[in-house]
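Letters A, B, ... mirror the listed sequences (proteins, then strands); counts begin at 1. Atom set for the values below is all heavy atoms of this structure, side chains included, hydrogens, waters and symmetry mates excluded.
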Amino acid sequence: MKGRWLFFLLSPLISWAQDGERFLQSFSSMLAANRTVPPQFFFRERRERLRLDTLSASAQNYRFRAFNYVWRGDYEQAIVWLEKTTALYPKEHGTVGELYLAQLRDYPRALAHFDAYDALTPNFDDIIGYNPVSYLRGLAYRSQGNQEKAIEQFSKAIDPLAEKHGAEWVNYKHFVSRAVSYIATNQAEKALVDLEKATKNFPRSALVYYHRGRALLQLNRIAEARTAFQDASFFFKALRAERTGDYQEDDFNPVYEPEIDEAVRQLKP
Amino acid sequence: MNKREWQSRLLCLLVVIAHYPLFIVHAYAQVPTPTYEQLVGIWIGVHTEQDIDFVCPLPNYIRLDADSIYHLGMVDGSAQEQVSSWAIHGEIVRFDTVHFAPKLVTVQNDLLRIGKNYPMVLRRFTDIPVDSTRAYQQLSGRVWQSDSLVMAFYANGKVSLENRTTKQRTAHFWRLARFGKSVFIVIRGNQYNRFRGYKPLWQLRSLQPNELEAIGWNGRAVSTERFTFVRKLFPGDSCRPSGFQACGNCFRPTWYERSLTHGQKRYDLLAFVTKQYQPVQRESETGLIQIQFAVNCEGEKGAITLNSFGEDYCPKSFAPQITSQLIAICQNYVATDASLREPERPGDWPLDLWVSLTFRLKEGRITELLP
């Protein structure tokens, strides 16, 4: 009993001390961080804004300034700078289009920038980041519900590469995107062909197995669909254990654990 | 590609910006490297300049001895003092094992500034003998005010700090700490407990029955502030914040953003919104609605900020039937999901958080939740 009283009396002091030890640790870390001078001030909005004002005119600086406004949620200024960037530096149409697609989910504007970017080098499927512009255009069309145009663009991104170098050189997510559009247009057989190729390129993909299950379900191949959903569930859980944070295999084709679990539950024998 | 990936890609590009070295040379050319003699002494933490308009108090001290011994400790003695060494080699200053390039450690007007990334400011300490028992008696149960600050020291260890200009009041805990012969007022914690960081330290300089002087950061500069006695606290007075108060004493909303737009959280939020939101079908209700608010570690919500934009991204108002629904949905969702405030590591404190959500609407229907 006496010991418990002592614990209650001392515990605030112990916590107080722990807080102090923690503070000194963080002070030492900050001291070390201060030995360098940063090229930019992440998470220091006001200081970073002043720095941006001092930057010279260049494609990178204009683009970065525009992106900063997007991250801050100042959409009015963001759009001014995005459009100014592409007006002065037309090669930026691609990156700006990708931002409209991925961050702002503004599909008409994304398409306008992808078209402008693609027009810079006719007869060539330009690359934006890691994707051909046709693939990104396909995603924009798909998001607008235009599956036919989406399939056309996805095919433009996938087929020439597969023919020239082989299907193993195609990003498996590109196959998944086209398969999703095939499923949406009741072309499950074609979807399965794409998903088969996708599996070869990434055999542990929950995303691929999930859509394989959907395609098989559309063809009324229930037992195979069940196996595919179970595989999706297994790989989803395995990947979740491996990765930290809110991991999503493909932001353009999000798949969630409850959806997979529900599909498995629906097909329980 | 999410926001972090965008940021890391752009960081790589910006590292090679050609004019960056020139900028640094120009900015720091004016300040001389301090001499050994200038650095020797005790330095009391003032704050870390996290941004132009935002500082976080430093409750520690650095003691730099003439025999090159470096001491780092807490003014309130809440941690074991760390002992190491320090030195100056030409223009390079070393504290412990950290070497600072020329001009990164400066001394001006008895203020020591360390670094440019998160500049840490410490002030030169002068020991001023003060009777701690008398100080406690004079502060406890009384309200004191300076030109900018009102401090009410409750006998139960709580203290409220009120900004005289903004009238914003926060609640914390206080105690006196002896450092050398000096006495410091140490204010820390929040409205709930004694932990989660400090407020600026005040070193007592003189005590009179109706007036005291203390050295500390007054919000604009390190100065000797004169506090006058206002009144005794009444038994019915309670120590409460005037509005939303974060649990941490270094809370900057955007640093504590909790993303609800990726992975499972996105799925849960979208399911909640789909279930709760009643579309208001009108052609004009098209564009973006952005909702932002803070929630403290106990689940108390701060004021809501709502910004809305048309399809052309110019500011635009939406029907109140839409905005009020979205505000209620966002707040209810965050309030019902206590896991959002769970600490990242076991044993850590629950988190304060900031939520920023942007919905894209088409004719009154939600079509997208921006990542």
In short, B:H99 meets B:T97 closest at the heavy-atom pair ND1-O, 3.4 Å

Heavy atoms of A:H113 and A:G97 approach each other most closely as CB-CA, 3.6 Å

Quick check on [X] against chain A: is it the side chain, the backbone, both or neither that has a heavy atom closer than 4.5 Å?
X      : result
B:F309 : side chain
B:Q50  : both
B:R196 : backbone
B:E311 : backbone
B:I62  : side chain
B:T48  : side chain
B:Q290 : side chain
B:S356 : neither
B:L58  : both

Counting heavy-atom pairs under 4.5 angstrom with chain B, the leader among A:R240, A:E259, A:R47 is A:R47

Looking only at A:D106, A:L50, A:T36, A:V80, the option with the highest number of non-hydrogen pairs under 4.5 Å against chain B is A:D106

Taken in chain and number order and not counting sequence neighbours, the residues that satisfy ring pair (Phe, Tyr, Trp, His ring centres under 6.0 Å) with A:F27 are none

When you check the side-chain N and O atoms of [X] and [Y], is any donor under 3.5 Å from an acceptor?
X      : Y      : result
A:Y210 : A:S233 : no
B:E368 : A:Y107 : yes
A:S177 : A:H174 : no
B:S339 : B:K265 : yes

message = If we ignore hydrogens and angles and just use 3.5 Å, is the side chain of B:R360 paired with the main-chain N or O of A:R105 as donor and acceptor?
response = yes

Please classify the contact between [X] and chain B as side chain, backbone, both or neither, with a heavy-atom cut-off of under 4.5 Å.
X      : result
A:R109 : side chain
A:L31  : both
A:Q248 : side chain

- Message: Ring of A:W81, cation from A:R65 - is the NZ or CZ under 6.0 Å from the centre and inside 45° of the axis?
- Response: yes

**OP:** Evaluate ring pair (Phe, Tyr, Trp, His ring centres under 6.0 Å) for A:Y75 paired with A:Y69, printing each intermediate quantity in order.
**Re:** CA-CA 7 Å; A:Y75 298 116; A:Y69 283 117; over 10 Å; no

- prompt: Does A:D251 come within less than 4.0 Å of B:R266, counting only side-chain N to carboxylate O?
  reply: no

As an exercise: rank [options] by heavy-atom pairs under 4.5 Å with chain A and give me the winner.
options                      : result
B:D53, B:N193, B:D96         : B:D53
B:W255, B:F95, B:Y118, B:F54 : B:Y118
B:G310, B:A101, B:G115       : B:G115

